[in-house]
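Worksheet: the structure to be examined is printed underneath.
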Amino acid sequence: MVKTLDKKCWICGREDYMPFKCRFCGKVFCPQHRLPEQHACEGLEHLKQYGADGSDRAYRQSGSDDLVKGMLKSTAKYAAKSAVRGMRDNISYSMKSSPSMAIIYLCLFSFFLQLVPGYFDALKLVPDLLIARPWTLVTHMFLHVGFFHLFFNMLVLFFFGPELERRAGKGTFLKVYFIAGIVAALGYSLTSSQPVVGASGAIMGVFAALAVIAPEIRVYVYFIPMRIVHALILFALVDFIFLGANDMVAHTAHLTGILIGLVMGLRIKKDQRRSGWHDPYRY
């Protein structure tokens with residue numbers, strides 16, 4: 001562990017989490033003064049004048065090559081650490097500032113955990129075992145059967161989750177998401193005995209609530225622009241038409257999620273009108 005005093009640059013006094021220690025003079029510097037030329041390195045000047053063995057001769061070419069290699073190595077190492085730290089900070093900030101992004105990252109993390117034997121089976125929703133395993137009403141929303149299942153669900157949530165957060169609040173978004181997801185799972189369990197996973201029911205609830213609150217939003221469905229209300233009607237019709245089809249899609253969960261989203265959206269809109277709240281994002 002690096003002590004606090006050792007983190008301060010000898011030139012400007014700036015304290016850095018990842019300070020550089022000069023290989024020639026042994027002093028600590030910030031990124032701005034890390035190069036020997038930028039802090040008038042006494043150790044380097046001594047090496048140039050007397051050489052590595054103390055003789056009075058010019059700095060050898062091999063020493064110059066080693067210096068360049070050391071600088072490149074240090075720069076690459078710093079860049080790699082900065083990239084990892086920056087990615088980590090961005091993920092942490094996104095999860096704290098947006099419930100939608102937190103759910104997306106949790107789903108991604110859960111997707112990799114599915115490689116662990118027994119993880120998927122312990123968290124998937126099995127209608128016949130619902131009473132014995134009630135936690136699966138929530139955990140099934142963080143599981144996906146493949147990359148494209150995960151990708152399309154998270155893509156929809158990425159675009160429309162933050163939009164509902166901005167227009168209704170983060171707490172309201174979480175209520176819509178989890179209530180729609182749980183009730184959608186219950187609705188599915190009444191009509192099927194097959195195991196189910198995925199966040200589609202919850203996401204359809206978010207989509208439906210947003211369609212009620214902000215019907216003027218325009219979306220693209222297969223590159224065709226349309227109002228979000230018309231897109232919702234299209235999705236609902238497709239699910240209704242394929243009810244009972246053996247296509248491995250939980251259409252009942254989708255329709256139930258839409259229904260809950262519509263009900264909650266109407267309630268949210270009513271409360272906003274009663275309080276005189278103005279939507280700053282309305283076009």
Exercise for the section: Find the distance between CZ (F147) and CZ (F111) and round it off to the nearest 0.5 Å. Expected result: 7.5 Å
Exercise for the section: Run the numbers on N153 and L157 for side-chain contact (heavy atoms from CB on, under 4.5 Å), then give the verdict. Expected result: CA-CA 6 Å; N153 272 353; L157 182 59; over 6 Å; no
Handout entry: Smallest separation among heavy atoms of P127 and S193, with atom names
Key = CD-O, 3.8 Å
Practice task
Please answer whether the main-chain N or O of L106 pairs with a side-chain N or O of S110 as donor and acceptor at a distance below 3.5 Å.
Solution key: no
Problem - Heavy-atom donor-acceptor pair, S275 side chain to D271 backbone, under 3.5 Å - result: yes
Problem - Atom of A185, atom of L125 and distance for their closest heavy-atom approach - result: CB-CD1, 3.5 Å
Problem - M248 side chain reached by V145 side chain, heavy atoms, under 4.5 Å - result: no
Problem - Side chains of L262 and L232 in contact at under 4.5 Å (non-hydrogen atoms) - result: yes
Handout entry: OG-NZ distance between S97 and K170, expressed to the nearest 0.5 angstrom
Key = 5.5 Å
Handout entry: Taking every non-hydrogen atom, the tightest pair across H254 and S200
Key = NE2-CB, 3.1 Å
Problem - Hphob cluster co-occupancy, V116 + F109, side-chain heavy atoms under 4.5 angstrom - result: yes
Problem - Worked check of side-chain contact (heavy atoms from CB on, under 4.5 Å) between L210 and V176 - result: CA-CA 10 Å; L210 186 61; V176 173; over 6 Å; no
Practice task
Report yes or no: do V249 and L150 belong to one cluster of Ile/Leu/Val/Met/Phe/Trp/Tyr joined by side chain heavy-atom distances under 4.5 Å?
Solution key: no
Fill in the blank from the handout: For P99 and L174, the nearest pair of non-hydrogen atoms, with its separation, is CB-CD2, 3.6 Å
Handout entry: Side chain proximity check, Y177 to I203, heavy atoms < 4.5 angstrom
Key = yes
Handout entry: N/O donor-acceptor pair under 3.5 Å between Q114 side chain and H144 backbone
Key = yes
Handout entry: CA sep, side-chain torsions, deciding dist, call: R167, I217, side-chain contact (heavy atoms from CB on, under 4.5 Å)
Key = CA-CA 12 Å; R167 295 172 183 267; I217 292 178; 3.9 Å; yes
Handout entry: Student check: side-chain heavy atoms of I104 and F158 closer than 4.5 Å
Key = yes
Practice task
Considering non-hydrogen atoms only, spot the tightest contact between H230 and M226 and give its length.
Solution key: C-SD, 4.1 Å
Problem - Transitive ILVMFWY side-chain link I182 to L259, under 4.5 Å - result: no
Exercise for the section: Calculate, to the nearest 0.5 Å, the distance between atoms CE and CG belonging to M154 and L108 respectively. Expected result: 7.5 Å
Practice task
Determine, using the 4.5 Å side-chain heavy-atom cutoff (strictly less than), whether V221 and L237 are members of one ILVMFWY cluster.
Solution key: yes
Fill in the blank from the handout: Rounded to the nearest 0.5 Å, the CD1 atom of I103 sits from the CZ atom of F173 at a distance of 4.0 Å
Fill in the blank from the handout: What one should report as the nearest heavy-atom pair of V229 and P215 is CG2-CB, 3.5 Å
Practice task
Mark yes when over 12 heavy atoms from residues, nucleotides or ligands other than I131 sit less than 6.0 Å from its CD1; otherwise mark no.
Solution key: no
Problem - Flag, side chain of R133 to backbone of K124, donor-acceptor distance under 3.5 Å - result: yes
Handout entry: Minimum side-chain heavy-atom gap T252-T256 below 4.5 Å
Key = yes
Handout entry: Residue pair E163 / I228, side-chain heavy-atom distance below 4.5 Å
Key = no
Exercise for the section: May I ask you to test the F240-I258 pair for a side-chain heavy-atom distance under 4.5 Å? Expected result: no
Exercise for the section: Indicate yes or no for a side-chain donor-acceptor contact from E165 to the backbone of S100 under 3.5 Å, with no hydrogens or angles considered. Expected result: yes
Exercise for the section: Find out whether L243 and L255 are in side-chain contact, i.e. whether some heavy atom of one side chain is under 4.5 Å from a heavy atom of the other. Expected result: yes
Exercise for the section: Measure the spacing between OG1 of T191 and NE2 of H251 and express it to the nearest 0.5 Å. Expected result: 11.0 Å
Practice task
Treating Ile, Leu, Val, Met, Phe, Trp and Tyr as nodes and any side-chain heavy-atom pair under 4.5 angstrom as an edge, say whether V183 and V138 lie in one connected cluster.
Solution key: yes
Practice task
On the 0 to 90° scale, with breaks at 30° and 60°, tag the F207-F160 ring pair as parallel, tilted or perpendicular.
Solution key: perpendicular
Exercise for the section: Look only at the side chain of Y188 and the backbone of Q194, and say whether a donor-acceptor pair between them is shorter than 3.5 Å. Expected result: yes
Problem - Straight-line distance of I213 CD1 to I268 CD1, nearest 0.5 Å - result: 4.0 Å
